[in-house]
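These figures come from a predicted structure and were not determined experimentally.
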Amino acid sequence: MTTVTFSSRAGTLLSVDILGHAGYADEGEDIVCAAISSAVMLSHALLFDVQRIPVDTLIEDEGAHIRITLPQDAGLERGQDALRALKLHFTELEQNYPDHLNVTEVHADAADQLTVFRS
């Protein structure tokens with residue numbers, strides 16, 4: 001199963017963390033994994049290449065782990081539409097493939113305590 005976690009503070013998305021293989025089908029034939037990968041690549045291209053937002057990107061092939069974090073400057077606000085669209089896409093994909101994708105959002109409140117909400 002692929003786990004997708006969006007982090008936010010005060011209604012502003014800060015990052016997305018994608019971990020694991022969907023396990024829908026064999027490697028090279030997994031349509032859920034392909035949909036996830038394609039959406040992440042498109043979002044990264046929009047943020048980094050088109051909008052020129054210097055996102056912090058972590059890619060670990062071992063364990064299938066990707067994290068995209070928006071900068072804590074003007075890029076944070078400029079990157080909201082891309083992360084909101086990615087979250088919407090993943091949430092809709094999760095509805096169709098609940099055994100292969102889990103989407104959550106972690107909210108940090110003013111006291112920096114984390115609360116996890118299931119999408």
Side-chain angles (χ1 to χ4, degrees):
M1 175 178 286
T2 299
T3 301
V4 178
T5 305
F6 288 88
S7 297
S8 67
R9 173 172 281 123
T12 300
L13 292 171
L14 307 172
S15 66
V16 59
D17 192 80
I18 302 105
L19 181 63
H21 291 284
Y24 180 80
D26 291 336
E27 186 176 335
E29 297 181 18
D30 192 325
I31 61 171
V32 177
C33 189
I36 292 167
S37 297
S38 179
V40 170
M41 288 187 288
L42 177 62
S43 297
H44 187 269
L46 173 60
L47 290 164
F48 190 76
D49 298 317
V50 176
Q51 291 185 287
R52 302 278 187 218
I53 298 172
V55 295
D56 181 22
T57 306
L58 168 75
I59 300 172
E60 296 176 333
D61 290 332
E62 187 70 31
H65 184 209
I66 299 170
R67 181 183 311 123
I68 299 173
T69 304
L70 294 173
Q72 298 298 304
D73 60 13
L76 182 64
E77 187 58 37
R78 290 179 37 233
Q80 290 304 295
D81 286 344
L83 285 190
R84 286 183 189 129
L86 184 63
K87 183 179 177 211
L88 177 61
H89 177 71
F90 282 157
T91 300
E92 290 176 358
L93 192 61
E94 176 188 35
Q95 291 173 3
N96 291 316
Y97 301 97
D99 295 334
H100 305 283
L101 180 61
N102 180 297
V103 180
T104 58
E105 183 173 347
V106 177
H107 301 271
D109 64 17
D112 288 329
Q113 295 179 354
L114 296 179
T115 306
V116 176
F117 291 92
R118 176 119 167 78
S119 296

A.B. asks: Mind checking whether Thr5 and Leu19 have side chains closer than 4.5 Å, heavy atoms only?
C.D. replies: no
A.B. asks: Nearest 0.5 Å, what's the OH-CG distance between Tyr97 and Asp30?
C.D. replies: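 CG of Asp30 is found 9.5 Å from OH of Tyr97.
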A.B. asks: Between Ala22 and Val32, what is the shortest heavy-atom contact and its length?
C.D. replies: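 Taking every non-hydrogen atom into account, CB-CG1, 3.6 Å.
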A.B. asks: Indicate, with yes or no, if Ile68 and Met41 share a hydrophobic cluster defined by side-chain heavy-atom contacts under 4.5 Å among Ile, Leu, Val, Met, Phe, Trp and Tyr.
C.D. replies: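 Hydrophobic grouping puts Met41 apart from Ile68.
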A.B. asks: According to a 4.5 Å side-chain heavy-atom criterion applied to Ile, Leu, Val, Met, Phe, Trp and Tyr, with indirect links allowed, do Ile31 and Val40 form part of one hydrophobic cluster?
C.D. replies: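 Same cluster: Ile31 reaches Val40 through Ile, Leu, Val, Met, Phe, Trp or Tyr contacts under 4.5 Å.
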A.B. asks: Report the C-alpha distance between Leu93 and Val103 in whole Å, list the side-chain angles of each, state the deciding distance to 0.1 Å, and finish with yes or no for side-chain contact (heavy atoms from CB on, under 4.5 Å).
C.D. replies: CA-CA 9 Å; Leu93 192 61; Val103 180; over 6 Å; no
A.B. asks: Report the distance from atom OG of Ser43 to atom CD1 of Ile66, rounding to the nearest 0.5 Å.
C.D. replies: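 If we round to the nearest 0.5 Å, Ser43:OG and Ile66:CD1 are 10.5 Å apart.
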A.B. asks: Picking from Ile59, Ile18, Asp17, what satisfies side chain to side chain contact (heavy atoms under 4.5 Å, CB included) with His65?
C.D. replies: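 The side chain to side chain contact (heavy atoms under 4.5 Å, CB included) with His65 is passed solely by Asp17 among Ile59, Ile18, Asp17.
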A.B. asks: I want to check something: taking the side chain as every heavy atom from C-beta on, are Phe90 and Thr2 in contact at a cut-off of under 4.5 Å?
C.D. replies: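 A side-chain contact under 4.5 Å is absent here.
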A.B. asks: Assigning hydrophobic clusters by single linkage (Ile, Leu, Val, Met, Phe, Trp, Tyr; side-chain heavy-atom cutoff under 4.5 Å), is Leu13 placed with Leu46?
C.D. replies: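 In one cluster: no.
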A.B. asks: Identify the heavy atoms of Ala39 and His89 that sit nearest to each other, and give their distance.
C.D. replies: CB-CD2, 3.5 Å
A.B. asks: Give me the ring orientation class for His100 and Tyr24: parallel if the planes are under 30° apart, tilted from 30 to 60°, perpendicular past 60°.
C.D. replies: perpendicular
A.B. asks: Out of curiosity, Arg67 CZ to Ser7 OG, how far, rounded to the nearest 0.5 Å?
C.D. replies: 8.5 Å
A.B. asks: If every non-hydrogen atom of Gly75 is compared with every non-hydrogen atom of Ile53, which pair is closest and at what distance?
C.D. replies: O-CD1, 3.8 Å
A.B. asks: With heavy-atom distances below 4.5 Å as the criterion, would you say the side chains of Asn96 and Glu92 are in contact?
C.D. replies: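 With C-beta onward as the side chain, the pair stays apart.
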A.B. asks: I need the Thr69 OG1 to Leu58 CG distance, nearest 0.5 Å.
C.D. replies: 8.5 Å
A.B. asks: A side-chain contact here means heavy atoms from C-beta on lying under 4.5 Å apart; do Lys87 and Val4 qualify?
C.D. replies: no
A.B. asks: Between His44 and Asp49, do the side chains contain an N or O donor and an N or O acceptor separated by less than 3.5 Å?
C.D. replies: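 Side chains of His44 and Asp49: no pair found under 3.5 Å.
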A.B. asks: Taking all heavy atoms of Asp99 and all of Met1, pick out the closest pair and write down the distance.
C.D. replies: O-CE, 3.3 Å
A.B. asks: How many angstroms lie between CG in Leu76 and CZ in Arg9, if you round to the nearest 0.5 Å?
C.D. replies: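 One gets 10.0 Å once the value is rounded to the nearest 0.5 Å.
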A.B. asks: In Å, rounded to the nearest 0.5 Å, how long is the span from OG of Ser8 to CG of Leu83?
C.D. replies: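 Spacing of OG (Ser8) from CG (Leu83) equals 10.5 Å.
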A.B. asks: Kindly check if the number of other-residue, nucleotide or ligand heavy atoms within 6.0 Å of CD (Glu60) is above 12?
C.D. replies: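 More than 12 heavy atoms, drawn from other residues, nucleotides or ligands, come within 6.0 Å of this atom.
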A.B. asks: Compare every heavy atom of Gly11 with every heavy atom of Arg84, then report the nearest pair and how far apart it is.
C.D. replies: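 Here Arg84 and Gly11 meet closest at NH2-O, 4.1 Å.
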